[in-house]
*Asks:* 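This is the structure I have questions about; it appears just below.
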Amino acid sequence: MEYMDITSILEPLNPAQREAVTASPSALLVLAGAGSGKTRVLTHRIAWLVKVEQVSPQSILAVTFTNKAALEMRGRIEALLHLPTHGTWMGTFHGLAHRLLRRHAREAGLPEAFQIMDADDQYRLLRRLLKSLSLDEARWPPKQAQWFINAQKDEGRRAHHMVASHDPFERQLLRIYQAYEELCERSGLVDFAELLLRAHEFLREHADIRAHYLKRFRHVLVDEFQDTNAIQYAWLRLLTEAQDNLFVVGDDDQSIYGWRGAKVENIFRFQKDYPGHRLIRLEQNYRSTGNILSAANALIAHNEGRLGKTLWTAGGAGEPIAVYAAFNEQDEAYFVIERLRQWIHEGNRRSEAAILYRSNAQSRLFEEKLVAAGIPYRVYGGLRFFERAEIKDALAYLRLIANRHDDGSFERVVNTPTRGIGAKSLDTLREVARTRRCSLWEAASGLCADAGTPGRTRLLFTHFLQLIDGLAQETAGLPLYEQVKCVIEKTGLLGHYQKDKGEQAEARVENLEELVNAARLFDHEPQEDDALSPLTRFLAHAALEAGEGQADADEDCVQLMTLHSAKGLEFQLVFLAGMEEGLFPSLQSLEEAGRLEEERRLCYVGLTRAKRRLYLTYAESRRLYGRETYPRSSRFLREIPTEHLQEVRLRGAISGPPGPAPTPDAEGLSVGQGVRHAVFGEGIVLQSEGAGSQCRVQVKFAEVGVKWLMAGYAKLQSI
DNA sequence: TGTTAATAAATTTTT
DNA sequence: TTTATTAACA
């Protein structure tokens with residue numbers, strides 16, 4: 001019987017995969033190309049450890065980036081082992097850090113009832129904070145402060161670690177960071193980056209507890225290693241002192257989240273920090289045709305400093321990649337829809353076709369045309385369930401019940417539905433809270449007790465406070481879904497949306513009902529975490545797993561998504577739309593050298609999503625932000641050898657040599673192009689207007705900023 | 001308090 | 001062009 005199990009673990013593997021799965025103890029880096037069976041290696045490795053090496057599932061720590069990946073891994077391992085895996089710490093970095101912090105809240109310096117803020121909560125908190133610091137939002141955009149703070153935390157830097165910069169702007173940001181930390185501390189709030197940072201600091205500073213986990217986790221496995229940021233890497237270092245138990249899988253060519261703090265360099269650091277490591281490359285691809293792979297290989301070869309990897313397939317070359325030069329974006333969408341129609345007509349599944357694009361804004365036209373053609377489709381991205389306004393309102397009430405001092409939640413619902421508590425009352429309330437350095441809840445209690453407060457204000461606040469206190473008492477012993485139900489009814493939230501006759505109101509009511517349902521299902525899930533109340537667990541779940549984007553996943557429909565969200569997926573038929581300079585690679589990525597390489601990796605990801613048929617399309621003219629632009633075709637098209645491409649011509653006529661010809665406009669200038677000016681120096685063309693002698697171009701110069709120039713006079717030199 | 005007009009901005013996104 | 005946010009208004 002044992003023997004059979006080993007067969008099922010090893011048989012589906014190729015030699016390289018088998019080598020990785022059965023490797024004896026040592027740090028191991030698996031460089032897994034797109035479609036080379038990365039997840040399979042990871043899951044089979046775990047199965048191997050448990051079945052053959054007799055490692056207890058409890059001593060395995062497996063980390064992924066998304067909940068989806070974690071779920072998939074768990075499912076596949078259970079299928080492989082015929083065993084439940086609940087004893088295994090398997091989850092996202094954030095999920096596991098959260099688990100650690102809940103377990104050791106006191107040692108980590110957190111209140112037992114600490115709450116997790118999602119990005120939106122964090123943004124709102126910062127907006128309030130900036131206001132309370134009397135900083136002008138226009139000069140200090142909350143988004144920028146948020147970005148700054150998260151970037152620091154991702155690097156493991158606390159405000160007090162940082163030396164005040166000479167740059168006054170950064171100095172102010174640092175002050176904001178400082179104030180933000182204090183505010184979070186005071187209100188028991190933890191943002192996403194804080195989960196990781198706090199867990200790291202806590203493990204670092206508590207040698208005894210660290211020793212416990214070091215002993216426990218005999219094996220640490222990491223998926224998508226190229227996406228780890230500095231603090232995640234430091235975290236892994238702490239947990240793998242033994243040096244021989246870290247198994248990471250990743251692909252430097254698929255690192256596309258550098259802008260979010262991910263460090264491909266971690267792969268190189270790994271090689272230095274774990275000198276005894278082994279490196280295994282998975283280069284056999286089971287997904288795409290030979291043409292697609294050769295194109296992808298050729299494209300990515302334009303990047304420097306790669307670890308190097310060449311995908312190959314045992315299958316045939318397949319069809320060439322089709323390139324279509326559309327007149328404009330309308331024509332492009334029209335072309336794609338026609339080909340989709342054909343595909344469906346041939347009896348293929350719609351869900352096996354995907355339209356991929358660089359930016360979300362591009363989806364609109366495809367959607368319009370798909371609607372007109374009556375083809376069902378699904379757009380990925382956008383608001384997820386737990387991010388919807390009405391759901392966040394309901395959760396805010398629940399959070400207030402769990403923790404009265406959660407000011408963000410207080411502000412969110414104190415006047416939702418309207419209770420006559422307007423901006424003025426809130427201003428006084430905030431003022432009281434600030435001077436007394438207390439929470440809004442305490443400030444409101446204070447106002448109610450103070451005889452000097454105007455009667456109306458006092459009445460309204462008393463009402464609100466009683467509502468929350470009352471709800472907390474009433475729902476105390478109830479099952480979770482009853483609690484949720486009670487809250488959305490008694491607070492008037494449900495009634496508020498039921499009365500509303502707006503377009504979205506009906507959907508909102510449905511969503512609130514769905515929330516009750518989600519709570520019911522959640523309560524039935526096996527309880528992994530010890531002493532936590534169901535409500536606390538549910539709130540954490542809502543923040544950490546925001547849910548799916550759209551519900552109608554079961555219908556067979558065409559998939560629309562950005563290149564980023566396509567990572568990890570595969571489709572028989574792929575359209576890569578908008579292959580234009582300035583769009584893809586995006587304009588802003590042209591300004592920094594490293595970012596162009598990331599765009600190229602993104603293109604590599606896009607190409608390797610296709611299993612059988614791939615279309616690359618671009619428009620010779622595109623309306624962008626209400627202006628007509630005449631972009632050049634993407635350099636990425638030109639980086640693919642023409643032997644793998646075939647230009648598509650509508651209306652039959654077959655053209656001469658395959659491959660896209662660059663299409664400069666009359667002046668030889670196009671958006672995104674680098675230029676040199678005799679006086680202003682080097683810059684990038686942002687847009688152009690008019691034609692012939694009237695042609696004007698807008699150029700962003702490195703030194704003198706953005707300028708409009710007459711193309712005829714400026715004597716711009718292409719670079 | 002909710003609506004409307006004006007204004008500004010405009011990649012990529014998971015946790 | 002669309003979208004979001006904000007200030008002014010009824």
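Below, each value reflects all heavy atoms present in this structure, side chains not excepted, and no hydrogens, waters or symmetry copies. All chains are named by letter (A, B, ...) in the order of the sequence lines, taking the proteins before the strands, and each is independently numbered beginning at 1.
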*Asks:* Kindly list each side-chain donor-acceptor pair under 3.5 angstrom involving residues 256-263 of chain A, sequence neighbours excluded, with atom names and distances?
*Replies:*
unit_1	atom_1	unit_2	atom_2	d
A:Trp259	NE1	A:Ile256	O	3.0
A:Lys263	NZ	A:Glu155	OE2	2.7

*Asks:* Within the 4.0 Å heavy-atom criterion, would you say A:Phe93 contacts the bases, only the backbone, or no part of the nucleic acid?
*Replies:*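 Touches nothing.
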
*Asks:* Run the side chain to side chain contact (heavy atoms under 4.5 Å, CB included) test against A:Thr418 and tell me which residues pass, sequence neighbours left out.
*Replies:*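 Partners of A:Thr418 under the side chain to side chain contact (heavy atoms under 4.5 Å, CB included) test: A:Asn415.
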
*Asks:* For A:Arg458, check salt bridge (charged side-chain N to carboxylate O under 4.0 Å, His left out) against everything at least two apart and list the hits.
*Replies:*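 If we apply the salt bridge (charged side-chain N to carboxylate O under 4.0 Å, His left out) test to A:Arg458, skipping adjacent residues, there are no hits.
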
*Asks:* Nearest heavy-atom pair of A:His200 and A:Ala234: which atoms, and what distance?
*Replies:*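 Looking at all heavy atoms of both residues, the shortest contact is NE2-CB, 3.4 Å.
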
*Asks:* How many Å lie between CD1 on A:Ile256 and C1' on B:dT12, as a whole number?
*Replies:*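 Taking atom C1' of B:dT12 as the reference, CD1 of A:Ile256 is at 8 Å.
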
*Asks:* If you take the centroid of each ring, where Trp contributes its six-membered ring, are A:Phe65 and A:His94 closer together than 6.0 Å?
*Replies:*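 No.
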
*Asks:* Got a sec, which residues hit salt bridge (charged side-chain N to carboxylate O under 4.0 Å, His left out) with A:Glu367, two or more places apart in sequence or on another chain?
*Replies:*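 With neighbours one apart ignored, the set is empty.
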
*Asks:* Does B:dT12 have OP1 or OP2 under 4.0 Å away from a side-chain N or O of A:Ser586?
*Replies:*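 No, because none of the side-chain N or O atoms of A:Ser586 sits under 4.0 Å from OP1 or OP2 of B:dT12.
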
*Asks:* For DNA chain C, note the earliest and the latest nucleotide, 5' to 3', having some atom under 4.0 Å of a heavy atom belonging to chain A.
*Replies:*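 Boundary nucleotides touching chain A, in 5' to 3' order, are C:dT1 to C:dT6.
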
*Asks:* Could you list the residues that satisfy salt bridge (charged side-chain N to carboxylate O under 4.0 Å, His left out) with A:Glu581, not counting sequence neighbours?
*Replies:*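 So A:Glu581 forms a salt bridge (charged side-chain N to carboxylate O under 4.0 Å, His left out) with A:Arg635.
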
*Asks:* Can you sort out the partners of A:Ala543 under side chain to side chain contact (heavy atoms under 4.5 Å, CB included), two or more places apart, ordered by chain and number?
*Replies:*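 A:Ala543 satisfies side chain to side chain contact (heavy atoms under 4.5 Å, CB included) with A:Ile116 only.
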
*Asks:* Determine the contact category for A:Ala119: base if any of its heavy atoms lies under 4.0 Å from a base atom, sugar-phosphate if only primed atoms, P, OP1 or OP2 are that close, otherwise nothing.
*Replies:*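 Base contact.
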
*Asks:* Over how many whole Å does the gap from A:Leu563 atom CG to B:dT14 atom P extend?
*Replies:*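 After rounding, the reported distance stands at 14 Å.
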
*Asks:* Check the distance between B:dT15's C1' and A:Lys153's NZ and give it to me in whole angstrom.
*Replies:*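 Rounded to whole Å, this separation is 13 Å.
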
*Asks:* From the set B:dT12, B:dT15, B:dG2, return the single nucleotide nearest to any side-chain atom of A:Glu387.
*Replies:*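 Nearest to the side chain of A:Glu387 among the choices is B:dT15.
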
*Asks:* Heavy-atom nearest nucleotide on DNA chain B for A:Ala546 versus A:Ser359: which residue maps closer to 5'?
*Replies:*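 That would be A:Ser359.
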
*Asks:* From CZ of A:Phe386 over to C1' of B:dT15, roughly how many Å is that when rounded to an integer?
*Replies:*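 In whole Å, B:dT15 C1' and A:Phe386 CZ are 14 Å from each other.
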
*Asks:* Taking the P atom in each of C:dA4 and B:dT13, what is the distance between them to the nearest angstrom?
*Replies:*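 It comes out at 15 Å once rounded to the nearest Å.
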
*Asks:* So which protein nitrogen or oxygen atoms get under 3.5 Å of nucleotides 5-10 of chain B's nitrogens or oxygens?
*Replies:*
none

*Asks:* Under the rule for salt bridge (charged side-chain N to carboxylate O under 4.0 Å, His left out), what residues qualify as partners of A:Asp121, not counting sequence neighbours?
*Replies:*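 With neighbours one apart ignored, the set is A:Lys392, A:Arg399.
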
*Asks:* Remember a base hit wins even if backbone is also touched, and classify A:Gln362 as base, sugar-phosphate or nothing at under 4.0 Å, heavy atoms.
*Replies:*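 Result for A:Gln362 = nothing.
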
*Asks:* In Å and rounded to the nearest 0.5 Å, what is the CG to CG distance from A:Asp118 to A:Leu544?
*Replies:*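 Answer for the CG-CG pair, A:Asp118 versus A:Leu544, is 9.5 Å.
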
*Asks:* Kindly write out the residues that satisfy side-chain hydrogen bond (donor to acceptor under 3.5 Å, both in side chains) with A:Thr617, not counting sequence neighbours, or none if the list is empty.
*Replies:*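 Only A:Glu332 meet the side-chain hydrogen bond (donor to acceptor under 3.5 Å, both in side chains) criterion with A:Thr617.
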
*Asks:* For the pair A:His541 and A:Phe522, name the ring-plane relationship: parallel under 30°, tilted 30 to 60°, perpendicular over 60°.
*Replies:*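 The rings of A:His541 and A:Phe522 sit tilted, inter-plane angle from 30° to 60°.
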
*Asks:* Among residues at least two apart in sequence or on other chains, which ones pass side-chain hydrogen bond (donor to acceptor under 3.5 Å, both in side chains) with A:Ser187?
*Replies:*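 side-chain hydrogen bond (donor to acceptor under 3.5 Å, both in side chains) list for A:Ser187, sorted by chain: empty.
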
*Asks:* Between P on B:dT14 and CE on A:Met561, what's the gap in Å once rounded to a whole number?
*Replies:*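 Computing the A:Met561:CE to B:dT14:P distance gives 11 Å.
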
*Asks:* Considering only the C1' atoms, how many Å lie between B:dT14 and C:dT3, rounded to the nearest integer?
*Replies:*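 Going atom to atom, C1' in each nucleotide, I get 23 Å.
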
*Asks:* For A:Thr92 and B:dT14, is the shortest distance between a side-chain N/O and OP1 or OP2 below 4.0 Å?
*Replies:*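 So the side chain of A:Thr92 is outside the cut-off, no N or O lying under 4.0 Å from OP1 or OP2 of B:dT14.
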
*Asks:* Of all of residues 65-73 of chain A, which get a heavy atom below 4.0 angstrom from DNA chain B, listed by number?
*Replies:*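 The stretch gives A:Phe65, A:Thr66, A:Asn67 as the residues lying under 4.0 Å from the strand, ordered by number.
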
*Asks:* Please check the phosphate of B:dT1 (OP1 and OP2 only) for any side-chain N or O of A:Asn415 closer than 4.0 Å.
*Replies:*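 Checking A:Asn415 against B:dT1: at least one side-chain N or O falls below 4.0 Å of OP1 or OP2.
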
*Asks:* Mind calculating the distance between NE2 (A:His94) and P (B:dT14) to the nearest angstrom?
*Replies:*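 It works out to 12 Å between those atoms.
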
*Asks:* Name the nucleic acid region contacted by A:Asn360, choosing base, sugar-phosphate or nothing; use a 4.0 angstrom heavy-atom cut-off, strictly under.
*Replies:*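 Sugar-phosphate: the residue A:Asn360, judged by heavy atoms under 4.0 Å, touches backbone atoms but no base.
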
*Asks:* Identify whether any heavy atom of A:Arg127 sits under 4.0 Å from a base atom; if not, whether one sits that close to sugar-phosphate; answer base, sugar-phosphate or nothing.
*Replies:*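 Result for A:Arg127 = sugar-phosphate.
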
*Asks:* With DNA chain B as reference, determine whether A:Ser589 or A:Leu195 sits nearer its 5' end, using the nearest nucleotide of each.
*Replies:*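 First, find each residue's nearest nucleotide; the 5'-ward one identifies A:Ser589.
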
*Asks:* Rounding to an integer number of Å, can you tell me how far A:His564 NE2 sits from B:dT13 P?
*Replies:*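 Going from NE2 in A:His564 over to P in B:dT13 covers 7 Å.
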
*Asks:* Return the value, rounded to whole Å, for the distance between atom OH of A:Tyr123 and atom P of B:dT13.
*Replies:*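 Rounded to whole Å, this separation is 18 Å.
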
